[in-house]
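Written below as structure tokens is the structure these notes are about.
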Amino acid sequence: MRYTFGTSETASQRLQKISEIFNPHSMDFIRDNIRSPITSALDLGCGPGFTTHMLSMAVNTKQVYGLDNSEEFLIKAMDRFSQCIFIRHDAKKIPFPINPDIMYMRFVLSHLANPVRLINMWINEINDGGMILIEEMEGIDTGVELFKRYLKINTGLVNSQGASLYVGKELSKGRYNADVLINECIELPVKNCDAAAMFYPNTISIWQKERYVLNNCSCKERKEISEGIKKIMNSNDGRTGTTWKMRRIVLRRSGYEMFI
């Protein structure tokens, strides 16, 4: 699995900011959908561990695992969150090293091609009666022109790598080899300064080296967008002028053999 937005320290700080904003909502989502005791939980594509830590607080079990293919991220995760177990593994390859009762993922499938097929592979990696909980973007609505320009470039970048930034649209229509308990889109308003804090790191890191960005956005425009977003980030603009549309899906594996 390749992270479109990198695995550097800048990328890790960006994911920390994302977690500060989204983790409280994700924790409620997980807790609302776990109604029976579980023995193990897995955070797929755990990155530097912020979502794994959140998952460990949301579930009533000590066996919480994080899987990721990035050694850089896993080192950071193990240093920060010693109560969780982190394993290096490519999410596209099965079997997994563990078979959990609960598998959770957020902003993972937007990096991967054939997301519905992958989910149907992963269903067979959880225990009978276990569940997969998914949160992915379906869209971002904003009235901020700089954000629109930034998102247009990032959408093209992700598409150029065979994936989809707004993969939630595809997931909503997927056919899954499992019981579909939830398939809904929710809206989460985000402060403009917080949205800018999530966007800005990409403009000073991967935007400086990704071929798609270099070919489709001039140095002058990159600088203009980056400096403008930085200004919003530092402005403490608390208006909620940007809204994330989040596709939430909960799948339960039935007690019979499933096929892809």
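Scope of the values below: all heavy atoms of this structure, side chains included, with no hydrogens, waters or symmetry mates.
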Please name all residues satisfying side-chain hydrogen bond (donor to acceptor under 3.5 Å, both in side chains) with [X], sequence neighbours left out, ordered by chain then number.
X      : result
Arg31  : none
Asn183 : Arg247
Tyr104 : Ser26, Glu135
Lys76  : none

Where at least one partner belongs to residues 184-208, residue pairs that pass salt bridge (Lys or Arg N to Asp or Glu O under 4.0 Å), sequence neighbours excluded: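 For residues 184-208: Lys17-Asp194.
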Asn60 atom CG, neighbour heavy-atom count above 12 within 6.0 Å: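 No, CG of Asn60 has 12 or fewer neighbouring heavy atoms, counting only those of other groups under 6.0 Å.
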Using a 3.5 Å distance criterion without hydrogens, assess whether the side chain of [X] forms a donor-acceptor pair with backbone atoms of [Y].
X      : Y      : answer
Ser56  : His53  : yes
Ser235 : Ile232 : yes
Asn127 : Asn99  : yes
Asp101 : Thr39  : yes
Asn177 : Asn120 : no
Ser205 : Pro201 : yes

Donor + acceptor pair across side chains of Arg106, Asn23 (<3.5 Å): yes
Going by the rule salt bridge (Lys or Arg N to Asp or Glu O under 4.0 Å), which residues pair with [X] if we only count those two or more places apart in sequence or in a different chain?
X      : result
Glu125 : none
Glu71  : Arg88
Lys245 : Asp141
Asp28  : none

Chi angles and distances behind the side chain to side chain donor-acceptor pair (under 3.5 Å) call for Tyr212, Asn159: CA-CA 10 Å; Tyr212 174 87; Asn159 289 347; over 6 Å; no
For Ala195, all residues meeting side-chain contact (heavy atoms from CB on, under 4.5 Å), sequence neighbours excluded: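 If we apply the side-chain contact (heavy atoms from CB on, under 4.5 Å) test to Ala195, skipping adjacent residues, the hits are Phe147, Val190, Phe199, Thr242, Trp244.
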Enumerate, atom names and distances included, each donor-acceptor pair closer than 3.5 Å involving a side-chain atom of residues 165-176, sequence neighbours excluded.
residue	atom	partner	partner atom	Å
Ser172	OG	Lys169	O	2.7
Tyr176	OH	Leu171	O	2.6

Atom pair CD1/CG of Ile98 and Leu67 - distance to nearest 0.5 Å: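 The CD1 atom of Ile98 sits 6.0 Å away from the CG atom of Leu67.
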Atom pair CE (Met131) and CD1 (Ile249), whose distance is rounded to the nearest 0.5 Å: 14.0 Å
Mutual orientation of the aromatic rings belonging to Phe96 and His89 [parallel < 30°, tilted 30-60°, perpendicular > 60°]: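 Perpendicular: the ring planes of Phe96 and His89 meet at over 60°.
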Partner residues of Tyr65 under the ring pair (Phe, Tyr, Trp, His ring centres under 6.0 Å) criterion, sequence neighbours left out: none
